[in-house]
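As structure tokens, the structure follows; a few thoughts come after it.
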Amino acid sequence: MTTTDRRMGTAGRVREAEEAVERLREGLAGVGITLPSLGIDPVSCAGSGPGVLVDLGRCNLDTVRRLSGVLDGKAAGHGG
């Protein structure tokens, strides 16, 4: 595999991760939750490793409670 091939592969994984992060951001916004630091981990983009990591970031206790409440509602079979 050439350097160009590796770069193209990494670029594709980064694009895929960006799209996934945006879907997650929109989904969370739909239930009133914002993770301010949500994004792609830049260090994982630099290597030739198998995947790009998503950093869910830091959030305050209120956000954690709201997120837990939404997940609890989904697990209980409610719409959240």
Side-chain angles (χ1 to χ4, degrees):
M1 178 178 277
T2 68
T3 301
T4 301
D5 291 338
R6 281 192 295 273
R7 284 183 185 150
M8 289 177 66
T10 300
R13 289 192 305 269
V14 169
R15 266 193 309 280
E16 185 178 345
E18 287 171 339
E19 291 169 2
V21 165
E22 190 55 33
R23 282 193 309 273
L24 178 58
R25 183 176 284 116
E26 290 172 1
L28 290 170
V31 293
I33 296 173
T34 300
L35 297 178
S37 301
L38 178 63
I40 297 171
D41 173 47
V43 175
S44 67
C45 299
S48 60
V52 176
L53 298 176
V54 173
D55 187 350
L56 298 177
R58 299 165 28 152
C59 59
N60 62 32
L61 187 55
D62 181 54
T63 301
V64 171
R65 288 181 177 141
R66 286 193 326 240
L67 183 56
S68 294
V70 169
L71 294 173
D72 288 345
K74 293 290 184 184
H78 301 113

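This chain uses plain numbering: 1 for the first residue, then up along the sequence.
- Heavy atoms from other residues, nucleotides or ligands lying under 6.0 Å from CD of E16 number 12 at most.
- Using a cut-off of 4.0 Å between Lys/Arg side-chain N and Asp/Glu carboxylate O, R25 and E22 are scored as salt-bridged.
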Please tabulate, for side-chain N and O atoms in residues 52-70, each donor-acceptor pair with protein atoms closer than 3.5 Å (sequence neighbours left out).
unit_1 : atom_1 : unit_2 : atom_2 : d
D55    : OD1    : G57    : N      : 2.8
N60    : OD1    : D62    : N      : 3.2
N60    : OD1    : T63    : N      : 2.8
N60    : OD1    : T63    : OG1    : 2.9
D62    : OD2    : R66    : NH1    : 2.8
R66    : NH2    : G32    : O      : 3.2
S68    : OG     : V64    : O      : 3.0

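- Every residue two or more places apart in sequence or in another chain was checked for a side-chain hydrogen bond (donor to acceptor under 3.5 Å, both in side chains) with T34, and none qualifies.
- Put simply, OG on S44 and CZ on R13 are 9.0 Å apart, with the number rounded to the nearest 0.5 Å.
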